[in-house]
Amino acid sequence: MQLETERLILREMTPDDYEALYDVLADSDIMQHYPYTFDEARVRNWIAKNIERYRIFGFGLWAVVLKETGEMIGDCGLTMQNIGGSIRPEIGYHIGKSHQRQGYAKEAAGKCRDWAFSHMPFGVLYSYMKEANIASSATARANGMRLVDTFTDAEGESTAVYAITREEWSRLKR
């Protein structure tokens, strides 16, 4: 499976993506709103988990690759997540530090949103993040999502939940 935007290719991860993904997930600045920074084993498990998701669900987090250079700069995609006690379809994203603030997360997440509503039966898609994660919430809003909930997570921090319905997405596409 491969998705394309103007500047990006979103494709299934492979074990060969380890080095590029390690550079993103092991960066403490990028992962400051995640419960932990990834080590080698966690990155390899992340890749394996997504390969399994592709097999089981037909989706997962995909490698985000620059069309111009072929460089993998992060991941973005759809996963089933426990959000406030309910399993929901969630669009998640991580973009490497040197490629942040260039619209890549918005572009990739928008393509994932469009793909999900075009190919899956979900009536609502979600993104959730620590309330302090201003960049991730801005990406969610830029893709038509609105704040629908907040809750205290397992780490005792406030988590924001954004969502977009299929009907809201249809209006965006007009």
Side-chain angles (χ1 to χ4, degrees), residues 1-5 7-57 59-83 87-113 115 126-143 145 151-162:
M1 158 106 120
Q2 183 169 299
L3 305 174
E4 291 190 28
T5 70
R7 303 179 295 166
L8 303 172
I9 295 170
L10 281 70
R11 61 160 174 77
E12 293 184 358
M13 288 182 205
T14 72
D16 292 339
D17 293 318
Y18 167 78
E19 292 293 333
L21 195 57
Y22 182 87
D23 288 346
V24 176
L25 299 179
D27 185 310
S28 59
D29 290 336
I30 294 170
M31 301 306 286
Q32 68 180 310
H33 300 291
Y34 207 77
Y36 49 82
T37 299
F38 284 51
D39 59 15
E40 178 181 343
R42 282 186 166 138
V43 173
R44 292 193 190 286
N45 185 55
W46 191 260
I47 293 169
K49 185 185 290 187
N50 280 292
I51 291 170
E52 183 178 14
R53 286 174 174 148
Y54 309 146
R55 183 180 57 75
I56 294 170
F57 299 114
F59 57 81
L61 292 172
W62 293 300
V64 176
V65 178
L66 295 176
K67 273 186 178 178
E68 190 173 298
T69 64
E71 177 187 3
M72 180 187 178
I73 62 167
D75 65 8
C76 182
L78 186 68
T79 58
M80 300 304 294
Q81 295 291 323
N82 183 337
I83 303 175
I87 302 299
R88 298 176 175 171
E90 195 251 352
I91 297 173
Y93 31 84
H94 304 96
I95 300 294
K97 196 182 312 183
S98 65
H99 293 93
Q100 291 180 352
R101 301 181 192 275
Q102 297 175 51
Y104 293 128
K106 175 187 174 188
E107 192 172 325
K111 187 66 173 183
C112 291
R113 175 204 61 205
W115 179 87
Y126 298 86
S127 283
Y128 74 116
M129 68 283 304
K130 303 288 185 190
E131 205 164 32
N133 191 341
I134 304 303
S136 284
S137 62
T139 297
R141 287 191 311 276
N143 276 295
M145 293 184 163
F151 64 91
T152 302
D153 62 24
E155 290 83 38
E157 296 182 58
S158 184
T159 294
V161 181
Y162 288 80

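This chain uses plain numbering: 1 for the first residue, then up along the sequence. On a predicted model such as this, the values are computed, not experimentally measured, just so you know.
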Tell me whether Lys67 contacts the main-chain N or O of Thr5 through its side chain, where contact means a donor paired with an acceptor under 3.5 Å. yes

Report yes or no: does Ser137 contribute a side-chain atom to a donor-acceptor pair with the main-chain N or O of Ile134 at less than 3.5 Å? yes

Tightest non-hydrogen contact, residues Thr159 and Tyr128, listed as CG2-CD1, 3.7 Å

Which residue is it: Arg53, Met80, Met1? I am looking for the one with a side-chain contact (heavy atoms from CB on, under 4.5 Å) to Phe59. Met80

Shortest non-hydrogen contact from Thr79 to Gln81? OG1-NE2, 2.9 Å

Distance, nearest 0.5 Å, that separates CG of Leu10 from NZ of Lys111: 9.0 Å

Does Tyr54 use its side chain to pair, donor to acceptor, with the backbone of Leu61 at less than 3.5 Å? yes

Going from CD on Glu40 to CD on Glu19, what distance comes out if it is rounded to the nearest 0.5 angstrom? 8.5 Å

So, for Met129 and Tyr93, which heavy atoms are closest and what is the spacing to 0.1 Å? CE-OH, 3.9 Å

Say you draw a straight line from CG of Asp23 to CE of Met72; how long is it, rounded to the nearest 0.5 Å? 10.0 Å

Any sub-3.5 Å donor-acceptor pair from Asn143's side-chain atoms to Met145's backbone N or O? no

Go through the side-chain N and O atoms of Asn45 and Arg42 and say whether any donor and acceptor fall under 3.5 Å apart. no

For the pair Asn50 (side chain) and Gly60 (backbone), establish whether a donor and an acceptor sit closer than 3.5 Å, ignoring hydrogens and angles. no

Mind checking the CG-CH2 spacing from Leu8 to Trp62? Nearest 0.5 Å is all I need. 13.5 Å

For the residue pair Arg44 and Tyr18, would you count it as a cation-pi contact if the rule is NZ or CZ under 6.0 angstrom from the ring centre and within 45 degrees of the ring axis? yes

Under 3.5 Å, is there a donor-acceptor pair linking the side chains of Gln102 and Gln100? no

Which heavy atom of Ala63 sits nearest a heavy atom of Asp17, and at what distance? CB-OD2, 4.2 Å

Charged N to carboxylate O under 4.0 angstrom, Glu68 versus Arg7? no

Asn133 CG to Ser158 OG distance, which is reported to the nearest 0.5 Å: 12.0 Å

If we ignore angles and hydrogens, is there a donor and acceptor under 3.5 Å between the side chains of Asp75 and Trp46? yes

Short question: side chain of Asn82, backbone of Ile87 - any donor-acceptor pair under 3.5 Å? no

So Val24 and Ile95, do their side chains get closer than 4.5 Å, heavy atoms only? no

Got a second to check how far Arg141's CZ is from Ser136's OG, nearest 0.5 Å? 10.5 Å

